[in-house]
Amino acid sequence: DWDAIDKTVTKVGDNVFEVEHDGVIAELVVQGYYYDELKATYNGSAIRIHDSFTKDDISVSVTYTENNVNKTEDVLTVDEWTIDSLDVFFVGNNDYVVTFVEDPTLKDEVTVIGLDYIYKIEAVYEGNDILVKEHYNKADVAVYGVYRSDDRKERLATEDWHANSLMVAE
């Protein structure tokens, strides 16, 4: 059975420890390093508000220094970092904090663009009454798109919608 006298790496570069077994001591050198920076980048497309994106849409890397000189960048797996949310709430910029699991003091931000969209339509006939089995004029119909973000209504151009029939049924 052996034991190291002190097991704490305290500096970048060579950390020298003594290892002891039955009174015999050997020197052990362990390289210390420190993390410099976490870099996170969102690579996905814009997301409709009230939808979610996945961690697979984000690439995260950490840079660390060894021997006070060599900077190395490692790409992290999705299990090595966390993000404060995957849900898109706002139209425009949605900012999220990415945190390195091994060193929670290292953080970066990613921005995901939230898109508004029409989630329902409303149609209103604005013309005169029409005899059953006669056709109405499409120009007499106002179709409004209702946006998810704030339920505001916007009139759609006549060429942007279609009706399954222009005939007034019984």
[atom1]/[X] to [atom2]/[Y] distance, rounded to the nearest 0.5 angstrom?
{"X": "Ile83", "Y": "Lys107", "atom1": "CD1", "atom2": "NZ", "answer": "12.0 Å"}
{"X": "Ile118", "Y": "Glu154", "atom1": "CD1", "atom2": "CD", "answer": "6.5 Å"}
{"X": "Glu122", "Y": "Arg155", "atom1": "CD", "atom2": "CZ", "answer": "13.0 Å"}
{"X": "Ile25", "Y": "Leu28", "atom1": "CD1", "atom2": "CG", "answer": "13.0 Å"}
{"X": "Asp87", "Y": "Asn94", "atom1": "CG", "atom2": "CG", "answer": "10.0 Å"}

Partner set under side chain to side chain donor-acceptor pair (under 3.5 Å) for Asp95, not counting sequence neighbours:
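If we apply the side chain to side chain donor-acceptor pair (under 3.5 Å) test to Asp95, skipping adjacent residues, the hits are Thr111.
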
Do Phe53 and Tyr42 make the cut of ring centroids closer than 6.0 angstrom?
yes

Yes or no on side chain to side chain contact (heavy atoms under 4.5 Å, CB included) for Leu86 and Thr54, after CA distance, side-chain angles and deciding distance?
CA-CA 6 Å; Leu86 294 171; Thr54 69; 5.8 Å; no

Over all heavy atoms of both residues, which pair between [X] and [Y] is shortest? Give the atoms and the distance, please.
{"X": "Leu38", "Y": "Val98", "answer": "CD2-O, 3.6 Å"}
{"X": "Asp56", "Y": "Val78", "answer": "OD1-CG1, 3.9 Å"}
{"X": "Asn43", "Y": "Ser59", "answer": "ND2-OG, 3.1 Å"}
{"X": "Tyr144", "Y": "Val124", "answer": "CE1-CG2, 4.4 Å"}
{"X": "Asn15", "Y": "Thr10", "answer": "OD1-N, 2.9 Å"}
{"X": "Val75", "Y": "Glu80", "answer": "O-OE1, 4.3 Å"}

In this structure, are over 12 heavy atoms from other groups packed under 6.0 Å from [X] atom [atom1]?
{"X": "Lys138", "atom1": "NZ", "value": "yes"}
{"X": "Asp150", "atom1": "CG", "value": "yes"}
{"X": "Asn128", "atom1": "CG", "value": "no"}

Is [Y] reachable from [X] through a run of hydrophobic residues whose side-chain heavy atoms are each under 4.5 Å from the next?
{"X": "Val143", "Y": "Tyr125", "result": "yes"}
{"X": "Tyr64", "Y": "Val60", "result": "yes"}
{"X": "Val97", "Y": "Leu106", "result": "no"}
{"X": "Leu115", "Y": "Ile49", "result": "no"}
{"X": "Phe90", "Y": "Val112", "result": "no"}

Report yes or no: does [X] contribute a side-chain atom to a donor-acceptor pair with the main-chain N or O of [Y] at less than 3.5 Å?
{"X": "Asp103", "Y": "Val101", "value": "no"}
{"X": "Asp14", "Y": "Gln31", "value": "no"}
{"X": "Asp108", "Y": "Ala40", "value": "yes"}

Are the side chains of [X] and [Y] in touch, meaning some heavy atoms are under 4.5 Å apart?
{"X": "Tyr96", "Y": "Val88", "answer": "yes"}
{"X": "Lys133", "Y": "Leu131", "answer": "no"}
{"X": "Ile121", "Y": "Leu156", "answer": "yes"}

Which residues satisfy the side chain to side chain contact (heavy atoms under 4.5 Å, CB included) test with Ser61, sequence neighbours excluded?
Lys39, Glu73

Only counting residues at least two apart or in another chain, list the ones meeting side chain to side chain contact (heavy atoms under 4.5 Å, CB included) with Ala26.
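Per chain and number, Ala26 pairs via side chain to side chain contact (heavy atoms under 4.5 Å, CB included) with no residue.
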
With sequence neighbours left out, what residues match Tyr35 under ring-ring contact (aromatic ring centres under 6.0 Å, His included)?
Tyr33, Phe100

Taking ring-ring contact (aromatic ring centres under 6.0 Å, His included) as the test, write out the residues that go with Tyr147, two or more places apart.
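Residues passing ring-ring contact (aromatic ring centres under 6.0 Å, His included) with Tyr147: none at all.
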
Set out, in order, the CA-CA distance, both residues' side-chain angles and the distance that settles salt bridge (charged side-chain N to carboxylate O under 4.0 Å, His left out) for Glu18 and Lys7, then state yes or no.
CA-CA 9 Å; Glu18 290 182 348; Lys7 302 174 191 160; over 6 Å; no

What verdict does the salt bridge (charged side-chain N to carboxylate O under 4.0 Å, His left out) test give for Arg152 and Asp116, after you've listed the backbone C-alpha separation in whole Å, the side-chain angles of each residue and the deciding distance to 0.1 Å?
CA-CA 11 Å; Arg152 86 186 131 77; Asp116 205 356; 3.1 Å; yes

Partners meeting salt bridge (charged side-chain N to carboxylate O under 4.0 Å, His left out) with Arg48 (sequence neighbours left out)
Asp51

So, Asp151 and Tyr119: side-chain donor and acceptor under 3.5 Å apart, yes or no?
yes

Single hit among Leu76, Thr72, Asp36 for side chain to side chain contact (heavy atoms under 4.5 Å, CB included) with Val62:
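Result: among Leu76, Thr72, Asp36, Leu76 is the only option passing the side chain to side chain contact (heavy atoms under 4.5 Å, CB included) with Val62.
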
Is the charged tip of Lys55 near the ring of Trp81: under 6.0 Å from the six-membered ring centre and within 45° of its axis?
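Yes, a cation-pi geometry.
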
Would Val9 and Phe17 count as a side chain to side chain contact (heavy atoms under 4.5 Å, CB included) if you check the C-alpha gap in whole Å, the side-chain angles of each, and the deciding distance to 0.1 Å?
CA-CA 9 Å; Val9 175; Phe17 301 96; 4.1 Å; yes

